[in-house]
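Data first, discussion second: the structure below is written as structure tokens.
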Amino acid sequence: MDKFDQAIITALRQNARKSVSAIAEEVSLSRSAVSERLKKLEQNGVIRGYQVLLSESQKDGVSAYFEIQHQCRNCADIVHLFQAVPEVVTCHGISGEMDLLVYVRTPSMRRLHEIREAIDANPAISKIKTHVVMSEWINNRQ
């Protein structure tokens, strides 16, 4: 990827609905050059798709982060527990007191509670903190 591809991606991150003409003008390329570059970025999997991201207040259901501390030797040894839960959106190994940061999106508070209880019941889990998402102020997802 060169500076033009990076500029195209930056423009799309700001507004994924921006027209090819507007992007071309912004990055100082022809419309056909931008179209061709977009096609290649999509074919190569750099751009995997375009999506609508709703703010948390507009979504149905409940989102939360679980901070998890476990007793396994490696985080990879416990990840299967989270892969088995379809509501888990992301699971990251983190530094600090806690080992993992797990983001879940559930249809209800009841389901969130069920997931938390199931995770907490695992003997390898030593600590879990739940942070329910109340509002989303910035979302620069890549």
Side-chain angles (χ1 to χ4, degrees), residues 1-120 122 124-142:
M1 282 196 339
D2 63 13
K3 69 178 186 177
F4 292 109
D5 290 337
Q6 292 289 346
I8 290 168
I9 290 169
T10 298
L12 288 172
R13 282 186 175 152
Q14 292 168 353
N15 179 1
R17 295 187 66 195
K18 192 176 285 189
S19 71
V20 172
S21 298
I23 294 170
E25 186 177 321
E26 189 174 319
V27 301
S28 302
L29 288 174
S30 69
R31 187 183 183 297
S32 60
V34 170
S35 292
E36 191 60 34
R37 284 174 177 269
L38 281 171
K39 184 178 177 182
K40 285 180 184 175
L41 289 168
E42 291 167 356
Q43 288 173 342
N44 293 335
V46 174
I47 296 176
R48 296 184 302 165
Y50 304 86
Q51 59 183 319
V52 174
L53 299 172
L54 298 174
S55 68
E56 289 300 320
S57 63
Q58 298 302 308
K59 293 178 185 175
D60 291 329
V62 180
S63 297
Y65 290 91
F66 295 137
E67 285 184 77
I68 296 172
Q69 187 178 62
H70 60 79
Q71 298 173 7
C72 295
R73 184 174 186 149
N74 299 304
C75 288
D77 297 337
I78 192 100
V79 170
H80 66 88
L81 179 67
F82 308 106
Q83 289 172 329
V85 180
E87 292 89 350
V88 170
V89 178
T90 61
C91 176
H92 298 280
I94 58 173
S95 62
E97 178 186 344
M98 302 304 254
D99 300 307
L100 297 168
L101 185 64
V102 178
Y103 177 65
V104 296
R105 196 173 305 135
T106 67
S108 67
M109 187 61 83
R110 176 181 292 178
R111 179 62 183 144
L112 178 65
H113 181 70
E114 290 169 356
I115 293 167
R116 187 194 189 288
E117 292 293 304
I119 292 169
D120 201 26
N122 187 299
I125 302 297
S126 48
K127 189 175 188 180
I128 183 169
K129 289 182 183 179
T130 305
H131 304 276
V132 175
V133 176
M134 303 296 288
S135 298
E136 181 178 275
W137 299 106
I138 297 172
N139 184 339
N140 291 324
R141 291 190 183 161
Q142 298 176 0

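A distance of 9.0 Å separates CD of E117 from CD1 of I128, quoted to the nearest 0.5 Å. One finds the CE atom of M1 at 7.0 Å from the CG atom of L41 (value rounded to the nearest 0.5 Å). To the nearest 0.5 angstrom, D5 atom CG is 4.5 Å from R37 atom CZ. Here I68 contributes atom CD1 and L100 contributes atom CG; the two are 6.0 Å apart, rounded to the nearest 0.5 Å. Going from atom CD of Q14 over to atom CD1 of I23 covers 10.0 Å, rounded to the nearest 0.5 Å. Annotation: the span from F82 atom CZ to I119 atom CD1 amounts to 5.0 Å, rounded to 0.5 Å.
Within the 4.5 Å cutoff, no side-chain heavy atoms of V132 are placed close to those of Y65. Residues I9 and L12 fail the side-chain proximity criterion, which asks for heavy atoms closer than 4.5 Å. Between V88 and I115, every side-chain heavy-atom pair lies at or beyond the 4.5 Å cut-off. By the 4.5 Å heavy-atom criterion applied to side chains, E67 and L101 are counted as neighbours.
Side-chain atoms of S21 and S19 include no donor-acceptor pair closer than 3.5 Å. For the residue pair E42 and Y50, a side-chain donor N or O sits within less than 3.5 Å of a side-chain acceptor on the partner.
A salt bridge links K127 to E97: one of the charged nitrogens lies within less than 4.0 Å of a carboxylate oxygen. Under the 4.0 Å criterion applied to side-chain N and carboxylate O atoms, R111 and E114 are assigned as salt-bridge partners.
Between A24 and V34 the shortest heavy-atom distance is CA-CG2, 3.6 Å. Between A84 and P86, the closest heavy-atom pair is O-CD, 3.5 Å. Taking each heavy atom of Y103 and S63 in turn, the nearest pair found is OH-OG, 3.2 Å.
Judged purely by atom type and a 3.5 angstrom limit, D77 has no side-chain atom pairing as donor or acceptor with the backbone of C72. Side chain of T106 to backbone of V62: a donor-acceptor contact under 3.5 angstrom is found. Between the side chain of N122 and the backbone N or O of A124, at least one donor-acceptor pair lies under 3.5 Å. No side-chain donor-acceptor contact under 3.5 Å links N74 to the backbone of A76. For the pair D120 (side chain) and R116 (backbone), a donor-acceptor distance under 3.5 Å is absent. Within the 3.5 Å criterion, the main-chain N or O of Q69 finds a donor-acceptor partner in the side chain of S126.
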Apply side chain to side chain contact (heavy atoms under 4.5 Å, CB included) to residues S35 and R31 and explain how you reach the verdict. CA-CA 6 Å; S35 292; R31 187 183 183 297; 3.8 Å; yes
Tell me, with the steps shown, if V102 and V104 meet side chain to side chain contact (heavy atoms under 4.5 Å, CB included). CA-CA 7 Å; V102 178; V104 296; 4.1 Å; yes
I would like to know whether L112 and F66 meet side chain to side chain contact (heavy atoms under 4.5 Å, CB included); could you show each step before the answer? CA-CA 10 Å; L112 178 65; F66 295 137; 3.6 Å; yes
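Looking at residues two or more places apart in sequence or on another chain, you find a side chain to side chain donor-acceptor pair (under 3.5 Å) between K18 and E26.
A 6.0 Å sphere centred on NE2 of H113 holds no more than 12 heavy atoms belonging to other residues, nucleotides or ligands. Surrounding CD of E25 are at most 12 heavy atoms belonging to other residues, nucleotides or ligands under 6.0 Å away.
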